[in-house]
Structure formats: C-alpha cells, structure tokens
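Working notes for the structure below.
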Number of protein chains: 2
Amino acid sequence: MFSKACEYAIRALLFVAQKSKDGSKVGIKEIAKGIDSPEHFIAKILQDLSRKGLVLSQKGPSGGFYLDDSTLNISLADVVRTVDGDSIFSGCALGLKQCSETKPCPLHHEFKRIRDDISEMLQTAKLGEFNALLEKNKLFLKR
Amino acid sequence: MFSKACEYAIRALLFVAQKSKDGSKVGIKEIAKGIDSPEHFIAKILQDLSRKGLVLSQKGPSGGFYLDDSTLNISLADVVRTVDGDSIFSGCALGLKQCSETKPCPLHHEFKRIRDDISEMLQTAKLGEFNALLEKNKLFLKR
DNA sequence: AAAGAAAAAGACAAAAAACTCTTTTATTTG
DNA sequence: CAAATAAAAGAGTTTTTTGTCTTTTTCTTT
C-alpha cells in the first residue's frame with residue numbers, strides 16, 4: 001500500500017507530534033526506538049521531510065525534531081504525497097498509464113470508490129489528532 | 001497497491017479469458033502484445049500461475065494458454081493472493097506486525113473498512129466476467 | 001572561545017523487484 | 001520419424017528500495 005519509507009514517515013511524525021505537545025523536541029535515536037525503525041533510515045526520511053517543511057528541526061544540544069501548531073495540522077495525505085508521490089491517489093490499479101472514465105481498465109470504476117475513500121481518510125487525518133489516544137496507550141506506533 | 005507482477009498477471013489472465021471464450025489458446029507473444037508487458041517477464045509469471053492451476057497451458061504447435069469453465073470462475077482475489085500473498089487483505093497500513101483490534105495502529109479502524117472493500121471487490125470479480133465488455137472495447141487492458 | 005551534541009549530507013551495501021536471455025522439454029503436424 | 005512450435009526452466013542483469021556507516025555542519029552550553 002505504502003512504501004516502507006512512507007510507513008516510517010507517518011509513524012515518526014505521529015511520534016514527534018505526541019512528544020512535541022508540550023513544546024519539547026525529540027532526537028533521532030528516541031524516534032527510531034519509539035517507532036521501531038532503522039535509525040539512519042528514518043533519519044534520511046526526516047531530513048527530507050524537514051527540507052520540505054513537514055517537520056521542524058534544530059541542530060545542536062537540546063535540538064531535535066518537533067512540530068508547531070501549524071505543522072501539527074498537516075494531513076497524512078500531505079505526508080504520503082511527499083514520500084510516495086500521488087500514485088495512490090490517482091494511479092490505475094492495473095498499472096495502465098491512461099486509465100480513465102473514457103478508457104477504463106476492468107477495475108476502474110470500483111477502484112475509484114476505494115481510492116476516494118483512501119484519499120478522504122488521509123486528507124481528514126491530521127498529525128496532531130492522535131496525541132490523546134497515543135498518550136493513553138489506546139493506539140500504537142510499533143510492533 | 002499491487003506489484004507489477006500482479007498487475008501483469010491480472011491483465012494477462014483477463015486477456016486469456018477473453019481469447020479462450022471460444023475454446024482457443026493464446027501464445028505468450030500475443031499475450032505480451034495484448035497487454036503491453038515485457039514478454040519474458042509475463043512468461044515467468046504465467047508459468048507460475050500455470051503450476052498453481054490458475055491458468056491452463058499446452059506445449060507444442062497450436063499450444064498456448066487458456067482457461068476452461070472452472071478456471072474462468074477464479075476470482076481476482078485468488079490471483080492477487082497467489083502473486084502478492086495476502087498482505088493486502090490483512091496487512092497493517094503502517095507496517096506494524098501485530099496491528100489488531102486490541103493493539104491498533106492509528107489508522108487501523110479506518111483501514112479495516114477499506115481493506116474489506118478491496119477484499120470484497122476482488123473476491124467478487126471473476127476472470128470470465130469482463131469478456132463481453134472487453135470484446136466491445138468498453139474496457140481496456142493496455143496503455 | 002571551546003567542547004560537545006545533534007541534525008545534515010554523502011557515499012556505500014544489501015536485498016528485493018523487475019526484466020532479459022538462453023537452453024531444454026514437450027507436443028503437434030507433415 | 002523429423003521438423004517446427006511453443007511453453008518450461010534456469011541463469012543472469014538492471015533498477016529500485018531499503019538499510020548502514022562515516023564525515024561534516026550547525027548550534028548550544030559552559
């Protein structure tokens with residue numbers, strides 16, 4: 001569904017969101033442990049997301065990654081689009097380049113519905129909105 | 001969503017289904033052209049599907065791939081499961097190994113619905129059921 | 001100003017997926 | 001039976017994805 005990089009990205013950002021609730025920052029090592037991902041790999045991914053403004057970062061002692069009010073409101077759709085491109089939002093299930101209403105693949109019509117559901121779900125979900133449930137251990141980011 | 005191999009597999013089988021409506025067989029070259037896929041790659045995939053009984057084949061002159069009444073009734077879900085395994089039917093969207101009702105990832109509940117929709121769609125769709133529309137050029141398997 | 005901490009960057013390495021080429025085996029047909 | 005045909009099998013190659021390691025830059029704190 002999503003690439004590994006994208007799965008890690010979402011989990012990492014939700015982790016950072018939770019941790020930066022109270023304005024603190026969180027380092028790569030803690031993130032990697034917190035979501036059970038390869039440290040250097042998630043570092044790369046976050047660097048990328050940072051360059052693109054989906055997460056904030058600060059170097060040096062007491063530095064780390066964090067989110068502010070504005071970035072806490074970023075949608076998972078934005079994250080997915082940034083990491084995986086928009087194939088999941090608009091691509092053909094059977095890999096046709098020009099699959100459309102007028103030239104549909106056999107799954108086109110049914111899949112449109114499903115793609116729209118996925119889009120809506122990802123568009124609706126914001127980075128900050130899971131904090132409470134994560135805090136209460138009703139939701140999990142690893143294992 | 002699906003691997004390339006799986007996309008080709010579905011398209012190839014739908015192509016074979018259409019061609020074997022009248023009991024004839026179709027060769028690898030014609031299939032590769034018909035669905036616009038790399039010839040040797042789809043050959044491999046079909047060999048695999050053939051070994052597993054999802055398509056029938058015959059060697060030698062006037063040989064080729066074909067489907068009978070029984071195989072025409074195979075579901076796309078079976079094809080997907082054979083080629084890609086069942087990660088799409090049961091895997092976690094965020095890559096957790098033990099994502100479940102009792103230990104859910106943040107997307108678990110929403111995604112369950114979507115996965116079920118996909119499952120149902122694939123379970124319902126049978127290899128033979130697109131023949132008429134393919135014939136009339138209302139559906140396409142390439143480009 | 002110096003030391004230490006932490007992200008950024010860059011270069012590799014390993015594994016998986018996608019794709020290619022060649023040889024072998026089975027089957028049909030003249 | 002011989003020749004031709006077509007799938008099966010096997011052994012690569014290339015590309016992409018995933019993951020690792022090392023060095024550099026930036027920032028903070030003392």
Side-chain angles (χ1 to χ4, degrees), chain A residues 1-13 15-16 19-20 24-67 80 82-85 87-88 94-95, chain B residues 1-13 15-16 19-20 24-67 80 82-85 87-88 94-95:
Chain A
M1 184 70 94
F2 305 129
S3 68
K4 275 288 167 199
C6 189
E7 292 176 358
Y8 291 144
I10 294 174
R11 280 154 60 191
L13 292 184
F15 184 81
V16 173
K19 294 294 177 183
S20 56
S24 64
K25 302 177 186 111
V26 53
I28 274 291
K29 275 180 193 151
E30 194 181 340
I31 297 173
K33 274 177 200 157
I35 68 169
D36 190 35
S37 78
E39 183 180 325
H40 296 284
F41 191 36
I42 189 60
K44 280 288 172 209
I45 296 165
L46 286 176
Q47 276 164 37
D48 219 68
L49 293 171
S50 161
R51 238 177 282 122
K52 289 170 179 159
L54 281 81
V55 67
L56 304 168
S57 70
Q58 186 163 35
K59 288 185 177 183
S62 86
F65 293 90
Y66 64 103
L67 297 171
V80 171
T82 300
V83 180
D84 279 355
S87 60
I88 203 171
L94 298 186
Chain B
M1 183 70 93
F2 305 129
S3 68
K4 276 288 167 198
C6 188
E7 293 175 358
Y8 291 144
I10 295 173
R11 281 153 61 193
L13 291 185
F15 184 80
V16 174
K19 294 296 177 181
S20 55
S24 63
K25 302 176 184 114
V26 54
I28 274 291
K29 277 181 191 149
E30 193 180 342
I31 296 173
K33 275 179 197 154
I35 68 170
D36 190 34
S37 77
E39 183 181 324
H40 294 285
F41 191 37
I42 189 60
K44 280 290 172 209
I45 297 165
L46 286 175
Q47 275 165 37
D48 220 66
L49 293 172
S50 161
R51 238 177 283 123
K52 288 169 179 160
L54 281 81
V55 67
L56 305 169
S57 70
Q58 184 163 37
K59 288 183 176 182
S62 86
F65 293 89
Y66 64 102
L67 296 171
V80 171
T82 300
V83 180
D84 279 355
S87 61
I88 203 171
L94 298 186

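Numbers restart at 1 for each chain; the letters A, B, ... are given by sequence-line order, proteins then strands. Everything numeric here is computed off the predicted structure, so don't read it as measured data.
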Just the atom pairs and distances: protein N or O near nucleotides 28-30 of chain D's N or O, under 3.5 Å.
| unit_1 | atom_1 | unit_2 | atom_2 | d |
| --- | --- | --- | --- | --- |
| D/dT28 | OP1 | A/Gln58 | NE2 | 2.7 |

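- Rounded to whole Å, the distance from CG on B/Leu49 to C1' on D/dA7 is 14 Å.
- B/Ile28 and B/Leu46 make their closest contact through CD1-CD1, 3.8 Å (heavy atoms, listed as atom of the first residue, atom of the second, distance).
- Listed by chain and number, the residues in a salt bridge (charged side-chain N to carboxylate O under 4.0 Å, His left out) with B/Lys4 are B/Glu7 (sequence neighbours excluded).
- Listed by chain and number, the residues in a side-chain hydrogen bond (donor to acceptor under 3.5 Å, both in side chains) with B/Ser3 are B/Asp84 (sequence neighbours excluded).
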Annotated protein contacts, base or backbone, on nucleotides 12-23 of chain D with a non-hydrogen cut-off under 4.0 Å, one of B, S, - each: ------SBBBB-
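- Here the straight-line distance linking atom CZ of A/Arg51 with atom OG1 of A/Thr82 works out to 12.0 Å at 0.5 Å rounding.
- Residue-level contact check: B/Val55 touches neither bases nor backbone, having no heavy atom under 4.0 Å from any strand.
- Here A/Glu39 pairs with nothing under the side-chain hydrogen bond (donor to acceptor under 3.5 Å, both in side chains) rule; sequence neighbours left out.
- For A/Lys29, the salt bridge (charged side-chain N to carboxylate O under 4.0 Å, His left out) criterion is met by no residue, not counting sequence neighbours.
- For the contact set between residues 29-36 of chain B and DNA chain D, defined by any heavy atom under 4.0 Å, there are no members.
- Partners of B/Lys19 according to the side-chain hydrogen bond (donor to acceptor under 3.5 Å, both in side chains) rule, which considers only residues two or more places apart in sequence or in another chain, do not exist here.
- Distance check, rounded to the nearest 0.5 Å: CG of A/Leu13 to CG of A/Leu49 gives 5.5 Å.
- Partners of A/Lys52 by side-chain hydrogen bond (donor to acceptor under 3.5 Å, both in side chains), not counting sequence neighbours, listed by chain and number: A/Asp48.
- No contact: B/Val83 has no heavy atom under 4.0 Å from any strand.
- Applying the ring-ring contact (aromatic ring centres under 6.0 Å, His included) rule to pairs touching residues 45-65 of chain A yields nothing, sequence neighbours excluded.
- Each ring-ring contact (aromatic ring centres under 6.0 Å, His included) pair with one or both residues in residues 27-50 of chain A, not counting sequence neighbours, appears once here: A/Tyr8-A/Phe41.
- Among the protein residues, B/Leu46 comes within range of no part of the nucleic acid, since none of its heavy atoms lies under 4.0 Å from any strand.
- The nucleotide range of DNA chain C contacted by chain B, defined by atoms under 4.0 angstrom from heavy atoms of the protein and reported 5' to 3', is C/dA18 to C/dT29.
- Closest non-hydrogen pair, B/Tyr66 versus B/Val16, comes out as CA-CG1, 3.6 Å.
- In this structure, A/Ile42 and A/Ala9 approach most closely via the heavy-atom pair CD1-N, 4.2 Å.
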